[in-house]
> 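The structure that follows is given in the form of structure tokens.
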Amino acid sequence: MSNKIQLMESTLKKCPVVPVLVIEDLEDAVPLASALVRGGLTVLEVTLRTRAAAQAISAIAEALPEATVGAGTVLSEEDLRLAVDAGAQFLVSPGATPALLNAADNTDVPLLPGANSPSEVMYLLERGYTLQKFFPAEAAGGTPMLKSIGGPLPQVRFCPTGGISTKNAGEYLALPNVICIGGSWMASAKLVAEKRWGEIEALALEASQLK
Ligand SMILES: O=C(O)C(=O)C[C@H](O)[C@H](O)COP(=O)(O)O
């Protein structure tokens, strides 16, 4: 486990923000990822919420070797297989189940599992996860909740995701138990549907400079 945690840590340390992407149209995958990478966001999470997702991961990995592309919304062993076979370099889940964690134990690709309560965090810690996604960040209590969890559980660091934007990103990044944040604001459904790559690049640039 510790090698995989180290790999996850080095990935999450690359950038302050991981864009969470919903790619409906495969032809948008590479232009979208290119815009984000040009803006300085090189770690990308493609959610498995669309039919194009797995092919989008493969296309981005092939076209942009400088990017680290992972799969999000990994809910089951089947999702995990699909993502790993597509070439995902990391996996993200909004929560965790024993079946998913067992499947993750049998692959070399690191998983960032989600939690948002002390018991969930403790369970994942028991399973070896010192890096976890805090989801849905704002709805689950935001920075006060993360600060409180950090009291008894300072050994766990989080990638909070859900309801974060440039407005509150800095408050999360200032916490000692936050390694990076996730969000979709720089690649909203509207911006992607309208193929506004220049604007996405500008928003990525702003996000990549967050501290
Ligand atoms: O798909 C997943 O696996 C998720 O966990 C959900 C995403 O992380 C959030 O949808 C991103 O949140 P927003 O930045 O508020 O859009």
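For ligands, and for the atoms within them, numbers begin at 1 and follow the listed sequence.
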> Heavy-atom count check: over 12 atoms from other residues, nucleotides or ligands less than 6.0 Å from E77 CD?
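Atom CD in E77 is not packed in, count stays at 12 or less.
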> Could you check whether any side-chain N or O of S10 sits under 3.5 Å from a backbone N or O of L7, counting only pairs where one atom can act as donor and the other as acceptor?
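At least one qualifying donor-acceptor pair exists.
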> Can you name the nearest heavy-atom pair linking G40 to C15, along with the distance?
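Looking at all heavy atoms of both residues, the shortest contact is O-SG, 3.6 Å.
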> Considering residues, nucleotides and ligands other than M122, do more than 12 of their heavy atoms fall under 6.0 Å from its CE?
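No, CE of M122 has 12 or fewer neighbouring heavy atoms, counting only those of other groups under 6.0 Å.
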> Does E9, at its CD atom, have more than 12 non-hydrogen atoms belonging to other residues, nucleotides or ligands within less than 6.0 Å?
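Yes - once you tally the heavy atoms of other residues, nucleotides and ligands closer than 6.0 Å, there are more than 12.
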> Present, as a list of atom pairs with distances to 0.1 Å, all nitrogen or oxygen contacts under 3.5 Å between ligand 1 and the protein.
residue: ligand 1; atom: 1 (O); partner: R49; partner atom: NE; Å: 3.2
residue: ligand 1; atom: 1 (O); partner: R49; partner atom: NH2; Å: 2.7
residue: ligand 1; atom: 1 (O); partner: T73; partner atom: OG1; Å: 2.6
residue: ligand 1; atom: 3 (O); partner: T73; partner atom: N; Å: 3.0
residue: ligand 1; atom: 3 (O); partner: T73; partner atom: OG1; Å: 3.1
residue: ligand 1; atom: 5 (O); partner: K133; partner atom: NZ; Å: 2.6
residue: ligand 1; atom: 8 (O); partner: K133; partner atom: NZ; Å: 2.9
residue: ligand 1; atom: 10 (O); partner: R49; partner atom: NH2; Å: 3.0
residue: ligand 1; atom: 14 (O); partner: S184; partner atom: N; Å: 3.0
residue: ligand 1; atom: 14 (O); partner: S184; partner atom: OG; Å: 3.3
residue: ligand 1; atom: 15 (O); partner: G163; partner atom: N; Å: 2.8
residue: ligand 1; atom: 16 (O); partner: S184; partner atom: OG; Å: 2.6

> Please check: side-chain N/O of T50 versus main-chain N/O of I23, any donor-acceptor pairing under 3.5 Å?
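The answer is yes, because a donor-acceptor pair under 3.5 Å joins these two groups.
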